[in-house]
Amino acid sequence: MNLALGTAGVVLGLVASCAAVLTLAVGLLRGRPDLLRLGRVYTWLVLLAAVMAFVAMERALITRDFTVSFVAEHGSSRTPALFNFATLWSALEGSILLWVLFLAGYTALVGRKFRDRLTDPLVGWALLTMFVVCIFFFGLLLGPANPFKSFLPPVGFDGPGPNPLLQNNPLMAFHPPMLYLGYVGFTVPFAFAIAALVTGRVGEGWLVETRRWTLIAWGFLTVGIVLGSWWSYEVLGWGGYWAWDPVENASFLPWLTGTAYLHSVMVQERRGMLRVWNLSLLCATFSLTILGTFITRSGVLDSVHAFSASTIGPAILGFFALIVAVTVGLIAWRGDRLRSPGRIDSPISREGAFMANNVLFAGFAFVVLLGTVFPLLIEALNGKRVSVGVPYFNRMTMPIGLALLFLMAVAPVLPWRKASGELLRHRLLWPAWIGAGCIVLGVFAGQRGFAALLAFGLGGFAAGSAGRQLVLATRRQGWRGLVGRANGGMIVHLGVVVIAVAFAASSSNVRQNEFILKPGDTASFAGHQLTYVGMNEVVDSNKVQTQALVLVDGSGPYSPGISKYTFGSSVVGTPSVKSTFRTDIALSLLEVPDGPDNPVTLRVTIQPLIMWLWIGGAIMAAGTLLAAFPRGRRRGTEAVSAPIGDRKTRSSSVKIS
Amino acid sequence: MSSPNAGAGDHLATTKRGFLSRWGSWIALAIVVVVALAVGTIGTTRPLTNADRLLNVSRTIKCPQCSGESVAESDAAISQQIRIDIAKRIEQGQTDDQIRQAYVDQYDQFILLTPQGSGVTSLVWVLPVVLIVLAFAGLAVAFRRWKVTGDLRATEADRALVDQALADGDGTGVSFDDPAGFDPEMGSGR
Amino acid sequence: MSDSNGDVDAAMLEPARRSHMARNSAIAVGIVVVALVVLLATGKTNDQRQPSAKIVGQVVPAVAGTTLDGASYDIDLHQGKWVVVNFFASWCTPCRVEQPELVKFAAEHAGSKDVEIVSVAFQDKDADVRRFFATAGGNWPVVVGDTGSTALSFGVTAVPESYVVSPTGQVVAKFEGVTAVALDSVIASYGGAAASAS
């Protein structure tokens, strides 16, 4: 039943998407608005299909229906209930199913939001693009990533359950959905970008109108990345939260270009410039999400986070190549005719700051991409193996990060068009003093090191600048001064500053050591006392966990352990972390002791301010919500000029852009 | 006490006062920042213990068996072994570079997490820097070109055009891409 | 400066020649992405990659220590013979899988004095090693104890790994998981040793 329902859903989705593309294409090329209106019906069909498949699979997972191959390979009667639901996205085929669900949802939302303008060719092309993407992903579900293959379970069969590393932590249930909501969300602005390029209508407010969609997708992606980082930190046990791992970089690349877009589009709104550049940023963001999907699933780049290798790689790479080919083709064909003849008056202006911002984010993305694929490049060129790891990325991205902090401080006070030195001097004085104060505070708190202190100072500077904007806005508008694009943006900046300071502090003050402790022993390290109390064994439905009970500074006990999963006999370490606002102390047990009286080997990693990373992420999420808060009903595509005489005539305005 | 040349002296005095009142706070701020940074950078730091040195070196050596983790982070058997070996070498008095070179001799270049720059491998360091510098240079050129051709001072022809338009009473609408009104201080806030 | 009759400043006109910046940058980006796609399409995954073998061709590092039986072992005393140095651990499943091959290889060359095996236990406990050999078989020196630096000097990345050392003391081959046939072919390709007639 589940198999039938699921397969039917996938087939329906594929057929509906194909039919939709055909219908819309004919409607657009032949100018048949009745066909264009059918687009909305197809979005409902595709959504129904995706929901069918999703429900079928989840039902199979929860009821442990081992006749479905995916459940037989990844489900288990021993997995706890919450993790069974999340097992869907713990493996490749299910993750594509989740992607399809979100994609269908976004497509239906687009159909609903633009239901009054379905006959507009631009909306038609956007929907068509989204349906093409649907065809690809539904096709994957029927082909290389088919989760609904049938399986004949022998009597008494029980599945292995998901990968043990993915059963350890409830964050597993939240990180992938958030991440995918972000990735898939970028399909919408991409579709509108393609539509704008095809119809040549880049000068109207379409990109502005879809900006909220981009902001929400970006917000989900931000939350997804922060959650993933937190999850790594809790699970891997050596205090690392960002390892510049290829899969992490793959999620970071679209975030970088997306952030560049969110800023650069303001120049387009204000001055009508950079239209083609912004379109390219949107297309790049979407392409990078597909590239990221490839990297995570192809096995070409080595990663702790990758799905197990499969045959899906070439299909995704092919789709990536197709998208880039279409984008490059469209821009090469029409880009120059669509460019706006604007100019920027002075580099010391908000436009100038956003231009510098574009360069820095593009450079950042280039560094991350180059570092990630460089080993492949060298291997292809001369067969040697090189590694590009954390030290490279930290060294190369640090100056860019510091420059971005500086821009974050200066840009919000810069007016459009041109700024005078006096204005800057006046507006930046207090933020600059806050920055200086942060450096002094840091020195007094014991922080050493030029780069970290500079990061503190620039962070304080940026925070002061953002705070100044918020204070001015709330003075003028009360609580509404915290809401809306500019103010929400300032709150997001505050979140970024918190993360930057926490990153600088924690990565420059790591203390790590290993201790061999007998029961009752106390080790003293970096000002903290660690007492090994004894052993403990916890037996679960699917694992046996041997824990070492440790008191940290008298409080606890914290229980780092080693879990042995009953199926497959895989052995996984489960660290334990004591988190306070000041410091995090991460404990991991390196080896299972022979007996309760034997000594244990504990590894201790101490880092300051880790908790502020997650708090900063929450601030960014809150800021994004506030920035997306609607502020009035006017659409970006409406004409604004005071009409001549008759208020009813809309299109009689002359545009200069 | 006024200077003999009252006019010129007053002007000079005002400029000096103006300069200080304009830049005074900033100069004080700069001094504070420089002093604090100096103290923070070259002030007495905690001397590196062996454990610190072990951490620093192990963070630059790749775990040979893992997917990109360094030996500082990985729990693999070989990583634990390498950590023990590095600790031993530190006690013997080897420098960080000597230790890294010993590992390259045993394992080949890939064991180091920072690509050593010689030949094609140096591209990974050079290329991003070059590209960013070029991009900023391109921006500078664009700004210069825009400045040469654009000038916001109104010419007589502009004034005449405006007078005529006002006289005609014809309002041609002007719109940019953003429909909302804008606040020169903060942007549209929308 | 003051123009009359609405003469427009020439600099304000659009340049007659249209710039092709968008087209050119798009094509440049396209070329880079094509290169990237080719790179990603032809990249080798980890299992397709050859293990790094810097030690092959070098003089064999020191292999010395105490064996399970309490005797001392030093590879330098075995110059003039082919020696297979096998790094293993009792907790390692592929090691258990390859042990029969080593036993077979040892049996083939039981009579000759020119071919020997020595196992080096990597991060293991004596009791477990004893049990490993008791169940899987094998009757040759097993170096135990602090063998970490020995493994590192060979460039061992994981267990099992086996190194074939020629009579002149040179490491000529490295295997990750070994078969008797492979070992024999290596020895044969280097001029061989007399196999025992049994």
Side-chain angles (χ1 to χ4, degrees), chain B residues 58 61-69 71 74-89 91-92 99 101-112 127 131 134-135 138 141-142 145-165, chain C residues 1-15 19 21 25 28-29 32 45-47 49-59 61 87-92 94-95 120-125 146-161 163 171 174 176:
Chain B
S58 1
I61 293 193
K62 179 178 177 344
C63 155
Q65 195 192 357
C66 321
S67 320
E69 287 177 306
V71 291
S74 138
D75 283 336
I78 189 74
S79 301
Q80 296 184 26
Q81 214 52 57
I82 294 181
R83 284 202 297 266
I84 296 173
D85 184 67
I86 296 178
K88 219 182 293 177
R89 286 175 192 267
E91 265 168 54
Q92 288 169 358
I99 300 177
Q101 187 56 46
Y103 273 91
V104 172
D105 292 336
Q106 286 167 352
Y107 280 93
D108 219 346
Q109 269 299 333
F110 79 92
I111 198 80
L112 291 181
L127 204 52
L131 280 179
L134 278 181
V141 165
R145 201 185 309 144
W146 282 326
K147 244 193 151 56
V148 163
T149 48
D151 194 339
L152 286 185
R153 266 184 287 246
T155 62
E156 282 305 314
D158 295 326
R159 291 186 209 283
L161 196 65
V162 168
D163 288 335
Q164 170 142 67
Chain C
M1 169 122 153
S2 58
D3 293 302
S4 54
N5 301 331
D7 266 349
V8 186
D9 198 7
M12 292 196 206
L13 279 173
E14 273 289 293
S19 134
M21 183 152 91
S25 1
V29 167
V32 169
T45 56
N46 242 4
D47 20 311
R49 209 172 269 129
Q50 296 293 349
S52 81
K54 196 136 198 264
I55 197 76
V56 172
Q58 318 264 7
V59 174
F87 289 92
F88 80 105
S90 62
W91 40 260
C92 140
C95 305
V120 181
F122 179 71
Q123 268 219 329
D124 215 343
K125 305 194 179 96
D146 190 8
T147 54
S149 39
T150 313
L152 293 181
S153 60
F154 272 82
V156 169
T157 55
V159 279
E161 275 181 18
Y163 297 83
V171 177
K174 165 175 169 165
E176 290 182 347

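The chains referred to below are lettered A, B, ... by the order of the sequence lines, with proteins before strands, and numbering in each begins at 1.
- Summarising the geometry, atom NZ belonging to B:Lys88 is positioned 8.5 Å from atom CG belonging to C:Leu152; distances are rounded to the nearest 0.5 Å.
- Here CD of C:Gln123 is found 6.0 Å from CD1 of B:Ile84. Values are rounded to the nearest 0.5 Å.
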- prompt: side chain to side chain contact (heavy atoms under 4.5 Å, CB included) between B:Ile78 and C:Thr157: does it pass, once the steps are laid out?
  reply: CA-CA 6 Å; B:Ile78 189 74; C:Thr157 55; 5.6 Å; no
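- When heavy atoms are compared at a cutoff of 4.5 Å, C:Asp124 does not approach chain B at all.
- The heavy-atom pair separating C:Ser153 from B:Gln106 by the smallest distance is CA-NE2, 3.5 Å.
- Here the side chain of B:Tyr107 pairs no donor or acceptor atom with the backbone of C:Phe154 at under 3.5 angstrom.
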